[in-house]
Number of protein chains: 2
Amino acid sequence: MREFKRKSRVLLVDDNSDHLRGIKELVTLEGCYDVVGTTTSANVAINLIKKYRPDIVLMDINMPEKDGLQAIQEIERLGLDTRVIALSGYDDADLIFRAMKLGAKGYVLKTMASAQLIYAIDEVAAGKVYLPSALTSRFFEYFQRSFKEEAVVSDEENLLTYLTSREEEVLELLTQGNNYKGIAGKLFISETTVKTHVNNIFQKLQVNDRTQAVLYALNNGFGNRKRSKVAV
Amino acid sequence: MREFKRKSRVLLVDDNSDHLRGIKELVTLEGCYDVVGTTTSANVAINLIKKYRPDIVLMDINMPEKDGLQAIQEIERLGLDTRVIALSGYDDADLIFRAMKLGAKGYVLKTMASAQLIYAIDEVAAGKVYLPSALTSRFFEYFQRSFKEEAVVSDEENLLTYLTSREEEVLELLTQGNNYKGIAGKLFISETTVKTHVNNIFQKLQVNDRTQAVLYALNNGFGNRKRSKVAV
DNA sequence: TATTTTATCAATCCAAAGATTTAGAACGAA
DNA sequence: TTCGTTCTAAATCTTTGGATTGATAAAATA
């Protein structure tokens with residue numbers, strides 16, 4: 001290979017053929033990209049991607065027939081090296097969040113300056129994830145709000161706060177599916193002691209059995225290391 | 001008020017008093033900030049925030065005694081207008097993710113140029129969320145990976161698919177904390193029938209008791225209405 | 001039609017879980 | 001020091017849970 005830096009191979013997808021032409025011109029003029037194809041259909045796009053394995057796909061996500069978001073998901077599931085940049089007319093936080101969740105490596109507004117789009121392509125082609133700072137801000141407001149609502153739920157009166165640290169350890173093991181014997185073995189204490197702790201836990205959490213205790217724990221922020229609620 | 005733009009009131013928190021002095025100097029020299037306080041303790045910081053209601057808190061999150069992340073969470077729970085920027089020595093994706101999840105409005109590395117910090121303060125003070133683009137990229141890699149793993153898990157070999165519809169109903173009631181009697185009453189069948197179903201469920205899910213069955217169900221997409229996995 | 005799957009129920013039987021009471025040792029706070 | 005809390009443990013007892021076997025009837029499927 002003679003070039004130092006291989007040209008990025010780009011596929012353009014937009015249901016509006018005028019836009020498509022405009023984008024193609026813009027990207028081609030830049031000189032450092034190979035436009036391997038353009039299409040107005042998300043379904044066709046998937047096939048083209050399988051065939052040509054582009055580095056970058058510019059995907060309009062405001063298309064009528066097949067949802068661009070769904071297309072992004074399908075492309076990601078192909079497991080190729082193709083990286084998708086979402087093109088959208090809206091800076092809606094929910095749209096941004098969903099696109100990024102589904103695997104988009106960038107999100108650029110159609111109203112943004114063309115230089116912005118070129119920059120995004122370069123960044124994403126270089127293996128980074130790129131979001132214009134204004135959209136990053138939008139994204140995080142949405143992201144943080146979804147966690148905040150969770151916090152409110154688990155706050156007010158969380159019975160878990162009444163547990164002693166030892167009881168928390170026991171509950172932790174309960175939430176892993178251990179029985180008395182298993183817990184006793186792991187904490188190096190007798191089975192009767194575990195029973196005492198568990199009974200105290202039941203009292204404090206106001207439940208009748210271990211399953212309810214485990215459910216209460218999981219629903220109220222216990223073991224947040226691995227579990228959390230994110231509205232998606 | 002005579003000024004067009006009120007000076008942002010800033011609180012600095014870093015357990016290393018040398019760093020603290022350095023940051024204070026940097027921020028003060030800039031001229032457009034009021035440093036309302038500095039402290040090496042996260043606990044003291046919380047009290048100072050309650051007292052002085054700063055606009056911005058620069059919070060070192062690599063502190064020994066009280067975790068800076070925990071401090072961020074507590075500050076957010078105060079429900080004030082104070083916006084926290086995390087200061088860290090590490091560009092670890094997990095750290096960034098957790099800080100942002102807990103409500104940080106920015107994340108800046110200590111190794112970054114001072115202009116970057118000043119810029120972050122301005123952006124956050126203006127109501128935005130600010131992450132340097134390199135860290136944004138890190139964040140999203142982590143974010144997207146957590147959703148990707150979820151998809152993989154819930155696919156491959158989900159034992160829940162072997163359950164009959166009646167068994168699903170029973171399992172649903174199990175995941176609500178019902179015992180045999182409760183389930184029998186709700187499905188208008190005998191307790192022994194419920195026992196049969198539950199035993200079959202255990203066989204199919206390869207578990208030993210109801211708690212493990214419930215945990216398997218919750219971890220494998222059963223009742224996805226309210227729950228999803230995001231490693232946090 | 002023959003066969004398999006599903007849903008129903010009963011009778012055991014043993015193991016595990018849960019309730020209750022009592023109590024000693026360690027520790028920190030008043 | 002005294003008091004309260006926590007962690008530990010045992011004994012006892014009742015209830016629930018779980019395993020197993022066997023059986024019937026309807027429904028789906030081959």
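Within every chain, numbering begins at 1; the chains are lettered A, B, ... in the order of the sequence lines, protein sequences first and strands thereafter.
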Contacts satisfying salt bridge (charged side-chain N to carboxylate O under 4.0 Å, His left out) that involve residues 202-213 of chain A (not counting sequence neighbours) are A:Glu167-A:Lys204

With sequence neighbours excluded, give me every salt bridge (charged side-chain N to carboxylate O under 4.0 Å, His left out) pair touching residues 37-58 of chain A. A:Arg6-A:Asp55

Minimum heavy-atom distance between A:Leu215 and B:Gln176, given as atom pair plus value: CD1-C, 3.9 Å

As a check of understanding: the bend across the helix from C:dT1-D:dA30 to C:dA30-D:dT1, end axes from five pairs, rounded to 10 degrees, works out to 50°

Write out a two-atom table: protein N or O, nucleotide N or O from nucleotides 9-11 of chain C, distance below 3.5 Å.
unit_1 : atom_1 : unit_2   : atom_2 : d
C:dC9  : OP2    : B:Ser190 : N      : 2.7
C:dC9  : OP2    : B:Thr193 : OG1    : 3.0
C:dC9  : O5'    : B:Thr193 : OG1    : 3.4
C:dC9  : N4     : B:Thr196 : OG1    : 3.2

Would you sort out whether B:Asn16 and B:Asp60 count as a side chain to side chain contact (heavy atoms under 4.5 Å, CB included), showing the intermediate values? CA-CA 9 Å; B:Asn16 184 319; B:Asp60 179 18; 5.9 Å; no

Less than 4.0 Å between a side-chain N and a carboxylate O, is that true for A:Arg166 and A:Glu169? yes

For DNA chain C, which residues of residues 174-184 of chain A approach it to below 4.0 angstrom with any heavy atom? A:Asn179, A:Tyr180

At a heavy-atom distance below 4.0 Å, what parts of residues 198-212 of chain B sit against DNA chain C? none

Nucleotide-resolved protein contact map, nucleotides 25-30 of chain C, B/S/- at heavy-atom distance under 4.0 Å: ------

Side chain to side chain donor-acceptor pair (under 3.5 Å) against [X], all qualifying residues, sequence neighbours excluded:
{"X": "B:Asn178", "answer": "B:Lys186"}
{"X": "B:Thr175", "answer": "none"}
{"X": "A:Tyr162", "answer": "A:Glu157"}

Over 12 foreign heavy atoms within 6.0 Å of CG, A:Asp81: no

Judged by modelled atom types alone, do A:Thr39 and A:Ser41 share a side-chain donor-acceptor pair under 3.5 Å? no

Listed by chain and number, what are the ring-ring contact (aromatic ring centres under 6.0 Å, His included) partners of A:Tyr90, not counting sequence neighbours? none

Of all residues at least two apart in sequence or in a different chain, which pass the ring-ring contact (aromatic ring centres under 6.0 Å, His included) check with A:Tyr107? none

